[in-house]
Amino acid sequence: MSAAATLDRGSVLIQCRAAAEKHLGGELQQLLDALAPKLSDTGQQSRDREEREQYLLAAQRLHHERELFLPAFRKEFAARFEEHIRALQGTGPMTRDLGRDELQALKTNVLENEAAIGRLGSRLKEHAGTELGELSARFATLFRRPAINDGDNPLGPLTIARAVFAGFAAVKIEGRVLRAVRQELEQRLAQPVLDVYRAVNKALGGLGVAPAVSRSAPGVGTAPASPATASRAAAPPAAGGAGASASRDAEAAAARAVESELAAASLPPAVEIFVRQSWHSLLARAHATGGAESPPWQEAIGTLRELVWSLRPRLEAGERARLVALLPPLLKKITLGMDAVMLDPEGRKAVLDALMAHHRELLHGQPAARQG
């Protein structure tokens with residue numbers, strides 16, 4: 001029996017999360033220390049009164065209300081970490097219930113926030129890609145899986161990025177001020193995240209948790225191309241063995257599901273490409289993990305059906321009212337799917353722009369133009 005098989009997985013996971021949270025929390029404290037005077041200087045130098053007031057107010061908030069940052073960071077970090085753990089254990093759905101503040105944020109800031117989170121996640125992955133891949137492979141061993149995609153890694157870049165932005169939201173750092181600190185975030189967090197991945201890899205290695213060697217098809221679980229590009233063909237399965245058969249079955253099931261849902265639909269091009277690439281990948285991974293009866297598969301299929309329904313031309317007031325109620329949780333589920341496949345910021349923006357434009361037309365009582 002391997003050393004990994006005898007470990008108390010729950011205890012190991014708690015230690016991994018606590019170590020990562022502690023290290024990142026310390027780095028974020030230093031980041032906040034540096035940001036407050038920078039924002040104050042920027043505000044004082046601005047000739048625009050509104051801009052000056054925004055920067056000075058943000059500097060004051062970082063100075064007087066910064067104690068709100070780390071609790072919000074820790075809460076979001078823990079929530080995202082636990083979501084991934086439940087999904088890997090097959091005991092939780094792909095999404096969680098939304099609070100009122102989250103729903104409002106989705107209505108007003110979804111494009112900017114999601115693009116910013118995606119960009120930070122992508123930058124962190126670029127800097128720590130090798131260590132992140134090794135950590136995902138060690139988590140695969142810990143959960144007795146052939147492979148885990150980086151987007152499903154409980155300590156993945158998007159878990160960290162979302163927690164960081166939750167901290168800034170708690171201190172009400174937003175708008176142009178938040179845009180101004182993004183580059184600082186990307187630069188200052190890259191090395192600490194790399195250090196976290198190295199430390200956790202070392203700790204897991206010391207416990208006998210070796211990286212899993214995946215035999216799955218190369219197309220399953222990898223981040224697809226941007227929706228701005230042409231649709232790719234399905235990747236060929238690995239040659240031979242049960243793993244190859246499972247991969248072929250999962251790819252085929254995902255392809256059938258996508259074709260069935262899109263058969264009578266007319267979606268904006270960027271959204272259709274997203275479905276055929278990213279959502280196909282998500283479905284294939286869900287099927288490979290637990291089959292067509294598993295909660296992840298059912299959740300992904302349900303979200304796809306809601307997405308297709310939301311883009312149908314409609315004039316009835318009752319349907320528009322249902323659409324208004326559906327959009328916030330639907331957008332949340334779609335962005336979580338984007339997280340899982342590590343869709344790049346440009347791809348996210350293309351899809352979300354198309355959705356927002358199309359839904360806006362529908363909600364104003366005019367059927368959106370049919371697009372092939």
Side-chain angles (χ1 to χ4, degrees), residues 83 87 90 92-98 106 110 114 118 149 151-152 219-229 231-235 249-314 319 322-343 347-359 362 368 370-372:
E83 281 178 9
M94 187 175 65
T95 62
R96 60 187 173 93
D97 293 335
L98 305 180
L106 274 173
V110 64
E114 287 302 319
N149 182 270
D152 294 326
V220 179
T222 57
S226 164
T229 62
S231 179
R232 60 167 172 80
D249 290 346
E251 287 282 352
R256 287 194 300 271
V258 168
E259 291 302 327
S260 175
E261 297 303 325
L262 298 188
S266 181
L267 276 56
V271 179
E272 181 170 354
I273 293 171
F274 166 70
V275 170
R276 293 187 181 279
Q277 293 182 2
S278 299
W279 217 258
H280 170 98
S281 176
L282 202 66
L283 284 166
R285 286 161 48 190
H287 194 281
T289 300
E293 301 302 320
S294 65
W297 171 272
Q298 295 295 328
E299 188 80 19
I301 285 291
T303 300
L304 177 55
R305 288 173 181 163
E306 289 178 348
L307 173 61
V308 171
W309 180 89
S310 78
L311 294 168
R312 279 181 14 194
R314 54 178 54 80
E319 285 194 317
R322 178 187 170 193
L323 181 60
V324 170
L326 174 69
L327 281 181
L330 174 60
L331 289 173
K332 185 69 170 181
K333 288 184 278 191
I334 289 170
T335 55
L336 287 174
M338 292 176 173
D339 288 359
V341 297
M342 291 292 289
L343 187 62
R348 288 168 181 260
K349 189 175 187 306
V351 174
L352 293 170
D353 277 344
L355 286 176
M356 295 294 275
H358 212 75
H359 287 147
L362 296 175
R370 295 182 67 83
Q371 303 180 60

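This chain uses plain numbering: 1 for the first residue, then up along the sequence. As a basis for the values below, the full set of heavy atoms in this structure was taken, side chains included, without hydrogen atoms, waters or symmetry mates.
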Return yes if some donor-acceptor pair links the side-chain N/O of [X] with the main-chain N/O of [Y] below 3.5 Å, else return no.
X      : Y      : result
Thr303 : Glu299 : yes
Ser260 : Ala257 : no
Trp279 : Ala300 : yes
Thr289 : Arg285 : yes

Across all chains, not counting sequence neighbours, the side-chain contact (heavy atoms from CB on, under 4.5 Å) partners of Glu306 are Leu326, Leu330, Lys333
Tell me, please, which residues at least two apart from Ser294 pass side-chain contact (heavy atoms from CB on, under 4.5 Å).
Pro296, Trp297
Quick one: side-chain hydrogen bond (donor to acceptor under 3.5 Å, both in side chains) partners of Asp339, sequence neighbours excluded?
Arg162, Arg348
By side-chain hydrogen bond (donor to acceptor under 3.5 Å, both in side chains), which residues pair with Gln298, not counting sequence neighbours?
none
Donor on one side chain, acceptor on other, Glu251 and His287, under 3.5 Å:
no
Atom pair [atom1] ([X]) and [atom2] ([Y]), whose distance is rounded to the nearest 0.5 Å:
X      : Y      : atom1 : atom2 : answer
Arg312 : Leu362 : CZ    : CG    : 10.5 Å
Leu307 : Ile334 : CG    : CD1   : 4.5 Å
Ser281 : Met342 : OG    : CE    : 12.5 Å
Leu282 : Leu343 : CG    : CG    : 11.5 Å

Using a 4.5 Å cut-off on heavy atoms from C-beta on, say whether the side chain of [Y] contacts that of [X].
X      : Y      : answer
Met338 : Ser278 : no
Leu327 : Leu355 : no
His358 : Val271 : no
Leu352 : Leu331 : yes

Distance-minimising heavy-atom pair for [X] and [Y]:
X      : Y      : answer
Asp152 : Ala340 : OD1-CB, 3.9 Å
Ser310 : His359 : OG-NE2, 3.0 Å
Ala250 : Ala284 : CB-O, 3.3 Å

Keeping to residues at least two apart or across chains, list the salt bridge (charged side-chain N to carboxylate O under 4.0 Å, His left out) pairs with something in residues 260-270.
Glu261-Arg305
